[in-house]
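Here the structure is a predicted model, which is why all the values come from computation and not from measurement.
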Amino acid sequence: MYVVDDDPAVLHSTRFLLEGEGHRVETFSGGPELLAAFPGPSPACVLLDHVLEGMDGLEVVTRLRGLDAGVPVVLITGHPDPGIRTRAHSAGVPLVEKPFALEALLSLLVAGAAGRASAGPT
């Protein structure tokens with residue numbers, strides 16, 4: 001699982017929580033750093049902050065799709081205005097508000113990973 005956030009405290013705590021649930025986690029501080037990891041072994045899912053310096057989360061989603069990465073993405077935000085909700089919905093990306101409830105987040109991540117596994121290799 002990949003986690004992308006420009007806040008080191010969020011990266012650390014999210015990694016700690018997800019690893020505590022048995023997930024292997026790699027963290028990135030921004031979109032370009034994440035995009036550089038593709039192509040390569042894709043993660044089961046990407047947990048992606050919306051507000052990132054230089055490139056917002058939905059732009060990262062567009063670029064991932066342009067790379068044909070096929071990885072499920074869950075967008076997180078501490079600023080859930082209606083415009084972000086609409087754009088995320090249009091992009092087919094679930095949106096989770098920070099601070100997030102661990103159980104709800106895990107359900108989305110597991111569903112995304114399961115959907116990818118059932119779709120087979122791309």
Side-chain angles (χ1 to χ4, degrees):
M1 185 167 309
Y2 288 173
V3 178
V4 185
D5 202 300
D6 55 358
D7 183 336
V10 171
L11 280 179
H12 176 75
S13 61
T14 305
R15 176 183 215 137
F16 178 79
L17 289 170
L18 293 173
E19 286 179 343
E21 293 292 322
H23 297 278
R24 200 177 103 214
V25 178
E26 189 169 340
T27 60
F28 302 88
S29 62
E33 198 181 13
L34 170 72
L35 294 168
F38 293 90
S42 291
C45 192
V46 174
L47 180 61
L48 176 63
D49 189 21
H50 174 66
V51 179
L52 296 168
E53 190 172 325
M55 181 185 312
D56 76 27
L58 288 168
E59 184 177 348
V60 175
V61 169
T62 299
R63 292 191 185 195
L64 280 172
R65 289 179 178 161
L67 294 171
D68 198 28
V71 62
V73 176
V74 173
L75 194 67
I76 58 175
T77 186
H79 310 284
D81 68 58
I84 293 170
R85 290 184 188 285
T86 300
R87 289 178 56 213
H89 180 74
S90 294
V93 178
L95 180 69
V96 176
E97 291 181 37
K98 291 185 209 175
F100 44 78
L102 180 60
E103 292 305 317
L105 179 63
L106 287 172
S107 294
L108 282 171
L109 296 173
V110 168
R116 179 184 178 139
S118 68
T122 56

Subject >> From CA spacing to verdict: side chain to side chain contact (heavy atoms under 4.5 Å, CB included), Val71, Tyr2 >> reply: CA-CA 10 Å; Val71 62; Tyr2 288 173; over 6 Å; no

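- Of the charged side-chain nitrogens involved, at least one lies within less than 4.0 Å of a carboxylate oxygen, so that Glu97 and Arg85 count as a salt-bridged pair.
- Here the shortest heavy-atom pairing between Leu52 and Gly31 reads CD1-N, 4.1 Å.
- Taking all atoms of both residues into account, the shortest heavy-atom contact from Ile76 to Asp49 is O-OD1, 3.1 Å.
- Taken to the nearest 0.5 Å, the OG1 atom of Thr62 stands 8.5 Å off from the CG atom of Asp56.
- No side-chain heavy atom of Pro43 sits under 4.5 Å from any side-chain heavy atom of Glu26.
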Original post:
So Leu34 and Val60, side chain to side chain contact (heavy atoms under 4.5 Å, CB included) or not? Walk me through it.
Top reply: CA-CA 9 Å; Leu34 170 72; Val60 175; 3.7 Å; yes

For a quick test of your reading: what N or O donor-acceptor pairs under 3.5 Å do the side chains of residues 3-15 make, sequence neighbours left out?
residue	atom	partner	partner atom	Å
Asp5	OD1	Asp7	N	2.9
Asp5	OD2	Lys98	NZ	2.8
Asp7	OD1	Ala9	N	2.9
Ser13	OG	Ala9	O	3.0
Ser13	OG	Val10	O	3.3
Thr14	OG1	Val10	O	2.7
Arg15	NE	Glu19	OE2	3.1
Arg15	NH2	Val25	O	2.7

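- Pro94 and Val73 get closest at one heavy-atom pair: CD-O, 3.3 Å.
- Taking CD1 of Ile84 as the start and OG1 of Thr77 as the end, the distance is 4.5 Å to the nearest 0.5 Å.
- A donor-acceptor distance shorter than 3.5 angstrom exists from the side chain of Glu33 to the backbone of Ser29, with no hydrogens or angles considered.
- The shortest distance between side-chain heavy atoms of Val74 and Cys45 falls below 4.5 Å.
- Atoms CG and CG, from Leu75 and Leu47 in turn, are 9.0 Å apart once rounded to the nearest 0.5 Å.
- By the criterion of side-chain heavy atoms lying less than 4.5 angstrom apart, applied directly or through intervening Ile, Leu, Val, Met, Phe, Trp or Tyr residues, Phe28 is not grouped with Val51; the two fall into different hydrophobic clusters.
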Subject >> Steps toward side chain to side chain contact (heavy atoms under 4.5 Å, CB included) verdict (Arg87, His50) >> reply: CA-CA 11 Å; Arg87 289 178 56 213; His50 174 66; 3.9 Å; yes

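- In this structure, the side chains of Met55 and Leu35 come closer than 4.5 Å at one or more pairs of heavy atoms.
- Counting all heavy atoms, side chain and backbone alike, Leu95 lies closest to Ala88 at CB-CB, 4.3 Å.
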